[in-house]
K.L.:
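Let me give you the structure first, and then I'll get to my questions.
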Amino acid sequence: MNKYRIERVVLDDLERLILLFDEYRVFYGAASDRDGARTFLADRLKLNESVILVVVEGEGEEKRAWGFTQLYPSFSSVTMERLWILNDLFVTAEIRGQGLGAMLLDSAWDYALSTNTKGLSLTTMTENVGAQRLYEAHGYIRDNEFYTYNLFF
């Protein structure tokens, strides 16, 4: 496992993430759009609107991204504290089951702690049982007290 490491994505690293982000979107039923992915991620990074952590292998031209998580800042009005929304977590299909998702969750945890936040919040599809097992194994607790509502435009 030591051949893999976590890095925080900066704008100069963006091209390495595009294919992986596009694969993630396609996994969730979106049409492939690498140009759109590039623009979306570049905007998040330029505007400091998200933190992207990526699991990589190799160096230089041989460096490859295998998975990523993207965190968005939010706040709790009740506790008056910052929290992070773990919005995206993805490991490419060809390498799943090797602990990279756990590495990404641990790195998100470490980042949240280092920024003195209340914690991390996430949602996942009800059919994504594998992800649910991973989250619960890392201490995430399924919310049975609140319902989630959306109003999309």
K.L.:
How long is the span from the CD1 atom in I52 to the CG atom in N87, to the nearest 0.5 Å?
P.N.:
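The CD1 atom of I52 sits 10.5 Å away from the CG atom of N87.
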
K.L.:
Taking all non-hydrogen atoms of both residues, which atom of G60 and which atom of R16 are closest, and how far apart?
P.N.:
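Nearest pair, atom of G60 first, then R16: O-NH2, 3.5 Å.
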
K.L.:
If you look only at pairs with a residue in residues 58-67, which of them pass as a salt bridge (Lys or Arg N to Asp or Glu O under 4.0 Å), with sequence neighbours excluded?
P.N.:
R5-E59, E7-K63, R64-E94

K.L.:
Can you tell if the side chain of Q98 reaches within under 4.5 Å of the side chain of Y4, non-hydrogen atoms only?
P.N.:
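In short, these two side chains touch, coming nearer than 4.5 Å.
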
K.L.:
Would you mind listing the cluster partners of M80? Hydrophobic ones only (ILVMFWY), side-chain contacts under 4.5 Å, chaining allowed.
P.N.:
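ILVMFWY cluster around M80 holds nothing else.
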
K.L.:
Between atom OG1 of T123 and atom CG of N128, what is the distance when rounded to the nearest 0.5 Å?
P.N.:
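Rounded to the nearest 0.5 Å, the OG1-CG separation comes to 10.5 Å.
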
K.L.:
Checking T92 now: which residues fulfil side chain to side chain donor-acceptor pair (under 3.5 Å) with it, not counting sequence neighbours?
P.N.:
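With neighbours one apart ignored, the set is E23.
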
K.L.:
Hey, what else clusters with F153 if you join Ile, Leu, Val, Met, Phe, Trp, Tyr whenever side-chain heavy atoms sit under 4.5 Å?
P.N.:
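Noted: F153 shares its cluster with L151.
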
K.L.:
Just to verify, what does A30 make a side chain to side chain contact (heavy atoms under 4.5 Å, CB included) with, not counting sequence neighbours?
P.N.:
R25

K.L.:
I'd like to check the side chain to side chain contact (heavy atoms under 4.5 Å, CB included) partners of R8; sequence neighbours left out, ordered by chain and number.
P.N.:
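R8: side chain to side chain contact (heavy atoms under 4.5 Å, CB included) contacts with N48, V51, L53, Y111.
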
K.L.:
Partners of L11 by side chain to side chain contact (heavy atoms under 4.5 Å, CB included), sequence neighbours excluded?
P.N.:
L14, A42, L45, K46

K.L.:
For residues 133-146, which residue pairs pass the salt bridge (Lys or Arg N to Asp or Glu O under 4.0 Å) check, not counting sequence neighbours?
P.N.:
E136-R142

K.L.:
With a 4.5 Å cut-off on side-chain heavy atoms, are V9 and Q70 touching?
P.N.:
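Side-chain contact under 4.5 Å: no.
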
K.L.:
State, with a plain yes or no, whether a side-chain heavy atom of W84 is found less than 4.5 Å away from one of S74.
P.N.:
no

K.L.:
State which residues pass side chain to side chain contact (heavy atoms under 4.5 Å, CB included) with D43; sequence neighbours excluded, sorted by chain then number.
P.N.:
T39

K.L.:
Within 45° of the six-membered ring axis of F21 and under 6.0 Å from that ring's centre, is NZ or CZ of R44 located there?
P.N.:
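No - R44 does not lie over the ring of F21 by the 6.0 Å and 45° rule.
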
K.L.:
Once ring-ring contact (aromatic ring centres under 6.0 Å, His included) is applied, do any residues pair with F146, and if so which ones, sequence neighbours excluded?
P.N.:
none

K.L.:
Scan residues 31-41 for pairs that pass salt bridge (Lys or Arg N to Asp or Glu O under 4.0 Å), counting only residues two or more places apart or in two chains.
P.N.:
E15-R38, D22-R34, D35-R38

K.L.:
Taking all non-hydrogen atoms of both residues, which atom of L71 and which atom of A108 are closest, and how far apart?
P.N.:
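Closest heavy-atom pair between L71 and A108: CD2-CB, 4.1 Å.
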
K.L.:
Are more than 12 heavy atoms, taken from residues, nucleotides or ligands other than L47, located less than 6.0 Å from that residue's CG atom?
P.N.:
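More than 12 heavy atoms, drawn from other residues, nucleotides or ligands, come within 6.0 Å of this atom.
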
K.L.:
For the hydrophobic clusters of this structure (ILVMFWY residues joined by side-chain heavy atoms under 4.5 Å, transitively), does one cluster hold both V91 and L105?
P.N.:
yes

K.L.:
Can you give me the closest heavy-atom contact between A131 and T124, atom names plus distance?
P.N.:
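In terms of heavy atoms, the two residues are closest at CB-OG1, 4.0 Å.
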
K.L.:
Starting from L134, can I reach I85 by hopping between I/L/V/M/F/W/Y residues whose side chains sit under 4.5 Å apart?
P.N.:
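Per the 4.5 Å side-chain linkage, I85 and L134 are not co-clustered.
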
K.L.:
In the single-linkage hydrophobic clustering (I, L, V, M, F, W, Y; side-chain heavy atoms under 4.5 Å), do F68 and L86 co-cluster?
P.N.:
no

K.L.:
Indicate, with yes or no, if L83 and W109 share a hydrophobic cluster defined by side-chain heavy-atom contacts under 4.5 Å among Ile, Leu, Val, Met, Phe, Trp and Tyr.
P.N.:
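Looking at the clustering, L83 is in a separate group from W109.
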
K.L.:
Kindly work out whether a path of hydrophobic side-chain contacts (I/L/V/M/F/W/Y, heavy atoms less than 4.5 Å apart) joins F90 to F40.
P.N.:
yes

K.L.:
With sequence neighbours excluded, what pairs up with Y24 under the side chain to side chain donor-acceptor pair (under 3.5 Å) test?
P.N.:
D88

K.L.:
Given 3.5 Å as the limit, does a donor-acceptor pair link the side chain of R82 with the main chain of N116, or not?
P.N.:
no

K.L.:
Hey, is the main chain of M125 close enough, under 3.5 Å, to the side chain of Q132 for a donor-acceptor pair?
P.N.:
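Judged by distance alone, yes, a pair lies under 3.5 Å.
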
